[in-house]
Amino acid sequence: MVVKIRLARFGRTNSPFYNIVVAHARTARNSRPLEVIGTYDPIPKKDPYDTTGRLHKDIKLDTTRAKYWIGVGAHPTETVWRLLSMVGILPPKHRPGAPSTTAPKGQANEA
Amino acid sequence: MPPRIRGSSCQPQLLLNCIEPVPATSLSSSAALGPLRRPTTSSAPRCSQPFSTTPAPQVTALRRKFKEWCEAKQQLREPQRGQTNYVSQFIPVSESGMTRPDMPFPANKHFRSERVLSEKAREMIWRDVMVNGMPLKAVSAQYSVDMRRVAAVVRMKEIEKKWERENKPLALPYASAVTGMLPLAHLRQGEDPFEPINDIHVHSYTMQQLFVPTSESREFTRADAAKAFGDRILPPDQKMRIPELVQMEKNIHAGMSPQEARDEFVKAASESEKAYAAKQQARLQAAEDRKVRVDSGRFEFRFEKINAEDVGPTGRARRGVGWRYGVPFMDRKRGELKIPTSVE
């Protein structure tokens, strides 16, 4: 069975909170996984006493375990791929600024 | 069955009696309303409370005497600024005469209103810490003000000064009105000490009577006593807020001049505060080193490095990261504290 690295949604209505888990692909979303390798809080937050208004998102990740699971062939989902590519564990799939591969041919020639 | 209104109470005459009489000057033509303005008859009871069933307050002898007493007291009508004006000031309750000025309730001699720091005293504390750069412990010992209060005064003063720079309005009339009514501490020379500064919390483990066999030749110190009470019990020298004061007294006892001992104390206090600040800085630095910051343009993603094996063999250890499996999350249970721990 395929082992996936995916998010498991916890939290409450309108306040999601995700565990980054390693689990078999066919198990239920919130069932007990093989391992919890981190968390992802998708709600952007401000720093206390910060007046610039910059927002940040907090992610906790065990990079060693993430690398191990990638090494043994676990499939990350799109979202987890995006997160893991930020810390350099995986190559980024969608690069900002890079030419889009899905754009129609005609438009690409005009540009 | 709901209660009924009795027919007799709905008589038009009774209802009219309940309406207050209109002064004649406000009516232009009394002829038009003539039939309504009939004199009250003795047969109908006079209704003094038209819209309320609450009985009017009875004028008792006690109430009348209280009112007379209030009117006779000059202090109650014109409170003097700069003193407490508590009722206990002009009621003799004991044979010795008036009560102390910090007793708001004349019959309760155990209730004392505490002094608050005056505006000048707070300014003095702020100046010593922020302008003269004295350590908090030294300021606390100099004025006999608790270290936590010194820190709080400095924080509040900083906010006040920031607001002044930003031209934000301050509630100065309110502050002066309140401080005008409270007993004040000005922290002048020769004034009573404001509060004890080196109190030690008594741990309940140390309240028991304990018999510890020890050899006669051995020196049994307070550290040994703490160890006898429990593994985690600290000796008093480590529990007090300003242990440097003990060393200062020891130095004076050993023959050092008071001025010299005080200088030593300020030096030691400054060093201990520097060490504390360095420790805090190192803690923050260690937390920062565990983090990787990635800016995506819209948001900054902060990756914190954790160890997934902190969850323990059962997966339920407290130190473990993430939402736990197989245990209820009690955050919405009745009686749970839901006070936010940070302000954003």
Side-chain angles (χ1 to χ4, degrees), chain A residues 7-13 15-23 28 30-69 82-89 92 94-97, chain B residues 154-156 158-159 161-163 165-166 168 280 284 286-334 336 338-344:
Chain A
L7 299 182
R9 190 194 194 278
F10 289 91
R12 302 289 189 204
T13 311
S15 65
F17 185 90
Y18 297 100
N19 275 2
I20 303 171
V21 300
V22 180
N30 282 10
S31 62
R32 190 186 285 268
L34 296 174
E35 192 172 13
V36 180
I37 59 168
T39 62
Y40 170 45
D41 188 353
I43 295 178
K45 292 191 175 59
K46 276 184 199 162
D47 272 325
Y49 307 111
D50 181 37
T51 51
T52 59
R54 289 282 298 149
L55 297 169
H56 71 268
K57 295 188 179 187
D58 285 322
I59 297 154
K60 292 181 177 177
L61 185 69
D62 187 339
T63 45
T64 322
R65 295 302 293 168
K67 279 176 192 163
Y68 164 76
W69 282 111
R82 187 170 57 85
L83 294 178
L84 294 185
S85 68
M86 283 182 188
V87 279
I89 295 174
H94 312 285
R95 294 173 203 209
Chain B
V154 172
R155 283 198 295 267
M156 297 294 283
E158 280 292 301
I159 292 172
K161 295 199 184 283
K162 188 179 155 214
W163 283 14
R165 283 196 299 275
E166 291 170 359
K168 276 191 182 176
Q280 293 288 320
L284 289 176
E288 190 56 46
D289 288 347
R290 281 199 303 275
K291 271 183 193 166
V292 177
R293 292 168 186 246
V294 181
D295 203 342
S296 75
R298 276 180 81 194
F299 306 115
E300 186 184 64
F301 287 79
R302 294 182 184 168
F303 288 84
E304 192 183 338
K305 204 173 177 186
I306 55 126
N307 185 2
E309 290 177 2
D310 282 344
V311 289
T314 59
R316 294 185 181 188
R318 287 256 159 207
R319 286 181 58 224
V321 159
W323 215 272
R324 297 193 295 166
Y325 292 86
V327 278
F329 191 51
M330 303 285 196
D331 65 336
R332 291 204 176 165
K333 199 180 166 192
R334 198 158 58 110
E336 289 290 315
K338 298 181 194 74
I339 303 167
T341 51
S342 69
V343 181
E344 283 181 7

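Throughout, a chain's letter reflects where its sequence line sits, starting with A, and its residues are numbered from 1.
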B:Val321 vs B:Val311, side chain to side chain contact (heavy atoms under 4.5 Å, CB included): CA-CA, chis, key distance, verdict: CA-CA 7 Å; B:Val321 159; B:Val311 289; 5.9 Å; no
Interchain contact, B:Val294 with chain A, by part (heavy-atom threshold 4.5 Å): side chain
Side chain, backbone, both or neither of B:Arg290 within contact of chain A (heavy atoms, under 4.5 Å): neither
Atom group of [X] that falls short of 4.5 Å from chain B, counting heavy atoms:
X	value
A:Asp58	both
A:Arg54	side chain
A:Tyr40	side chain
A:Arg82	side chain

Pairwise distance CD(B:Glu309) to CZ(A:Arg65) - rounded to 0.5 angstrom: 6.0 Å
Separation of B:Asp295 CG from A:His56 NE2 (nearest 0.5 Å): 12.5 Å
Interface residue of largest heavy-atom contact number with chain B, from A:Asp50, A:Ile20, A:Asn30, A:Leu61, under 4.5 Å: A:Leu61
Heavy-atom pair count under 4.5 Å with chain B, highest-scoring of A:Thr39, A:Val87, A:Leu55: A:Leu55
A:Tyr49 side chain near A:Thr51 side chain, heavy-atom distance below 4.5 Å: no
Close side-chain approach of A:Arg9 and A:Tyr18, heavy atoms under 4.5 Å: yes
Parallel, tilted or perpendicular: rings of B:Tyr325 and A:Phe10 (30°, 60°): perpendicular
Leading residue by heavy atom contact count with chain A [cutoff under 4.5 Å; candidates B:Arg302, B:Arg332, B:Glu304]: B:Arg302
Least distance between heavy atoms, B:Gly312 atom then B:Ala317 atom: N-CB, 4.3 Å
